[in-house]
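Here the structure is laid out as structure tokens; the discussion comes afterwards.
Remember, it's 1-based here, ligands and their atoms both numbered in the order they're listed.
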Amino acid sequence: PPAAIINPSILSADFAKLGAECERIMRDGSDWIHVDIMDGHFVPNMTFGPPVVSKIRPHVERPTAAKGRGTFDCHMMIAEPKKWVKEFQKAGCDLYCFHYEAAISSTAAESPETTSAAKTDPKDMIKYIHSLGMQAGIAIKPKTDVDVLWEILDNPEKSEVPDMVLVMTVEPGFGGQKFMADMMPKVSALRQRYPSLDIEVDGGLSGSTVDTAAEAGANVIVAGSAVFGAKDAGEVITVLRGAVEK
Ligand code: DX5
Ligand code: ZN
């Protein structure tokens, strides 16, 4: 399985000092920074947009060749994911992770690039994200069946295949919710079919739930409240990494 990637979500950071919080958490050993973008439509909550992302970006190192992809992982909980790809690339996003549900319900015409009224094809989204030099991720909500991903992942056209899949382990919108262990069959099914795929889990991950996720095959671990709510964030990051590397 691919290497462990510990990815603290700044949704639970002190918003009054986001830059310093990112620096602290990177010093404490995180691999990536998970940035939750919410628009008040796709989810019943709002966070931040490109101006905030571009301000905090210089506080986080660019990915090194050794570490490969990622670092600045933007989880796009927005109704019109295609519309914002360019803006987030300009703001410094490394990995643009959009929701499958949002892509298939938004129209391609929302993109400045096209006038077609056809629904946005996730494959086109991935290709578009790649064309702008970012990594692409695709996320599924708890009620979405993992089977929808097979035709996207089995595509021989590599530019249309995502670099990462995010299996939500809570309903997106808020930090501090309870981990849904019943999402694990999705993770196992993905891991069985794709031994080297980066599989991310997000929601309710902590020292007491990470083993379940890691055993199912997740290697990218998002954690908000568990990391930012801890006295010693470094210790929590070590525990999370240990579970994946076990
Ligand atoms: C929820 C977000 C998560 C959130 C996780 O919609 O996608 O990234 O920050 O928070 P915890 O780890 O507290 O469940
Ligand atoms: Zn998230």
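Those atoms of ligand 1 with a heavy atom of Gly203 less than 4.0 angstrom away are 14 (O). Close approach of ligand 1 to Asp202 is summarised as follows: ligand atoms under 4.0 Å from at least one heavy atom of the residue are 2 (C), 3 (C), 4 (C), 5 (C), 7 (O), 8 (O). The atoms of ligand 1 that sit less than 4.0 Å from any heavy atom of His75 are 7 (O).
The N, O or S atom of His34 lying closest to the Zn ion (ligand 2) is NE2. Within Asp36, the N, O or S atom lying nearest to the Zn ion (ligand 2) carries the name OD1.
When non-hydrogen atoms are compared, ligand 1 lies under 4.0 Å from the backbone of Ser225 as well as from its side chain.
Nearest protein neighbour of atom 11 (P) of ligand 1, counting heavy atoms only, is Gly176 N, 3.6 Å. Looking only at protein heavy atoms, the nearest one to atom 2 (C) of ligand 1 is Asp36 OD1, 3.4 Å.
Considering backbone and side-chain atoms alike, Gly224 places an N or O below 3.5 Å from some N or O of ligand 1.
Rounding to 10°, one obtains 90° for the angle at the Zn ion (ligand 2) between OD2 (Asp202) and ND1 (His75).
Between the Arg241 side chain and the Gly29 main chain, a donor and an acceptor come within less than 3.5 Å of each other.
Using a 4.5 Å heavy-atom cutoff, the side chains of Leu95 and Met134 are not in contact.
When each of Asp94, Leu18, Ile56, Val60 is checked for a side chain to side chain contact (heavy atoms under 4.5 Å, CB included) with Ile33, only Val60 meets the rule.
Taking 4.0 Å as the cut-off, Ala223 counts as a neighbour of ligand 1 on heavy-atom distance.
Separation of atoms CZ (Phe98) and CD1 (Ile126) is listed at 4.5 Å; rounding is to 0.5 Å.
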